[in-house]
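When a ligand or atom number is given, it counts from 1 through the structure's own listing order. Any value given below was found using the heavy atoms of this structure, including those in side chains, with hydrogens, waters and symmetry copies removed.
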Amino acid sequence: MPSLVVVGTYWGDEGKGKITDFLADKADIVVRYQGGNNAGHTIQNKNKTYKLHFIPSGILHPNTMCVLGNGMVIDPVELVSEMEQLSDAGVETDNLRVSDRAHLILPYHKLLDGLSEERRGPNKIGTTRKGIGPAYMDKAARCGLRIVDLLNPKELEQRLSENIRDKNMLLQRYYDVPGLDEKAVLASLLEAADKLRPFIDDTSALINDALDQGKYIVFEGAQATLLDIDHGTYPFVTASNPVAGGVCIGAGVGPTKIDKVMGLVKAYTSRVGDGPFPTEIFDETADIIRERGKEFGTTTGRPRRVGWLDGVILRYARRVSGLDALCITLLDVLSGMEEIKICTHYELDGQRTDRFPASVSSLGRCNPVYETLPGWDQDISDCKNWEDLPANAQAYIHFIEELAGAPVAIVSVGPGREQTINVREI
Ligand code: IMP
């Protein structure tokens, strides 16, 4: 059985939650390897909708283990609350494992995330304000606290105290807001620590043992290629590495252990947060797509920006993650459109280009060049097989395959598990 990485090709929200849930049926372990509760995965099962932020989308499968890898940043209080919400909804979380090496998101990270966004004013990044960036900053500055520290209250108290002293200075003197109460923060951490203790493990060892036993592992990327801190539209990015290479660092597995990488491609493009977006559309087609695709952030509720599918980004995502196959999601949203546009390349300062530029100002000057394809009228949300799809929908998918240089393995035509068409094995 292969190990498979599932990664978003654009700016996130490509439907990774649904597809990981679908793949988790066969998976022994589903692993998240980066990010935190900035992610929001919506899964629909038996008429119930679940919104997950930290917990991998495999959790609805009682026989699948779910791992929060070392590359994640975790707010222990919020994680416990998400586990309790799932429990209340009748979903067991016994199969959850949390890396002892993952870094903690602490109350000062959340405060500083919001305050630094406000300070940036019109140049804000549009973060989720969950403290993700500041937590990764502390990781790089070597003053972060980790999950393993929750198991050692004395050391936790001492290091937390040093950090709060420094952060309070920043909060009070630079941002002119009240500081944090060290005792209250410690108490909430210790309470969460008691609840998380049974789930904490050396997850790299666990994953590698499973790989050695030939088990099937799905690595679930959160956010996506263009939000990657190295390969994304910097500075309008998150603070981690969602691209497939992030798995090695964030789950503690060698590159030789990754068999396949699947890129998730929404049938159109969306973006939440600020920054350039060449194929963005603003007309009534955008409103239709936004309404039909329920394009409102799971984490923040913000309306998402939407646009046509962008082939330049698709090829870029294939390159930086080495995509073996694609999964097209939300194809049903485009039903009823007379025609569908797809960007094949850009024009930048009068020159044709196939390359995705490094600088956001260059990206802002890129004009998309479109090919227009005929749409289809039929409602495709009940299609079960490739043959059931209208010829124009099949032609659209073939066009995407050609453009990306990678075959399509799965097509999703609705939020339900059964609304998933297996085109070919990956
Ligand atoms: P942060 O990850 O909260 O620091 O936000 C940085 C950028 O990533 C912002 O533009 C966010 O809107 C975006 N972002 C973070 N997580 C997600 C996600 O799960 N889906 C889509 N965008 C995200």
Which protein non-hydrogen atom lies closest to atom 2 (O) of ligand 1, naming both residue and atom, and how far is it? Thr238 OG1, 2.6 Å
N-O pairing of Asp287 and Arg290 below 4.0 Å: yes
Taking NZ, NE, NH1 and NH2 as the nitrogens, is one of them in Asp75 or Lys130 under 4.0 Å from a carboxylate oxygen of the other? no
Please list, in number order, the atoms of ligand 1 under 4.0 Å from a heavy atom of Val237. 6 (C), 7 (C)
Ring centres under 6.0 angstrom apart (Trp11, Phe277): yes
Within 4.0 Å of some non-hydrogen atom of Ile125, the atoms of ligand 1 are 10 (O)
For Glu118 and Arg129, run salt bridge (charged side-chain N to carboxylate O under 4.0 Å, His left out): C-alpha distance rounded to whole Å, both residues' side-chain angles, the deciding distance at 0.1 Å, then the answer. CA-CA 11 Å; Glu118 268 147 40; Arg129 303 188 178 211; 2.9 Å; yes
Ligand 1 atoms in contact with Arg302 (distance to a heavy atom under 4.0 Å): 12 (O)
Should you measure from each heavy atom of Asp13, which atoms of ligand 1 turn up under 4.0 Å away? 20 (N), 21 (C)
Side chain Arg271, main chain Asp274, donor-acceptor under 3.5 Å: yes
Starting from atom 23 (C) of ligand 1, which protein heavy atom do you reach first, and at what distance in Å? Leu227 CD1, 3.5 Å
Does Gly126, backbone or side chain, put an N or O under 3.5 Å from an N or O of ligand 1? yes
Is it true that Ala222 lies under 4.0 Å from ligand 1, counting heavy atoms only? no
At what distance is the nearest protein heavy atom to atom 5 (O) of ligand 1, and which residue and atom is it? Thr127 CA, 3.3 Å
Taking atom 17 (C) of ligand 1 as the reference point, the nearest protein heavy atom with its distance: Gln223 CG, 3.5 Å
Contacts of Thr279 that satisfy side chain to side chain donor-acceptor pair (under 3.5 Å) - sequence neighbours left out: none
Per-atom contacts, ligand 1 versus Trp11 - under 4.0 Å to a heavy atom: 21 (C), 22 (N)
Do NZ/NE/NH1/NH2 and the carboxylate oxygens of Glu295 and Lys266 come within less than 4.0 Å? yes
Can you find an N/O atom of Asp113 closer than 3.5 Å to an N/O atom of ligand 1? no
With heavy-atom distances below 4.0 Å as the criterion, list the atoms of ligand 1 near Val272. 10 (O), 12 (O), 21 (C), 22 (N)
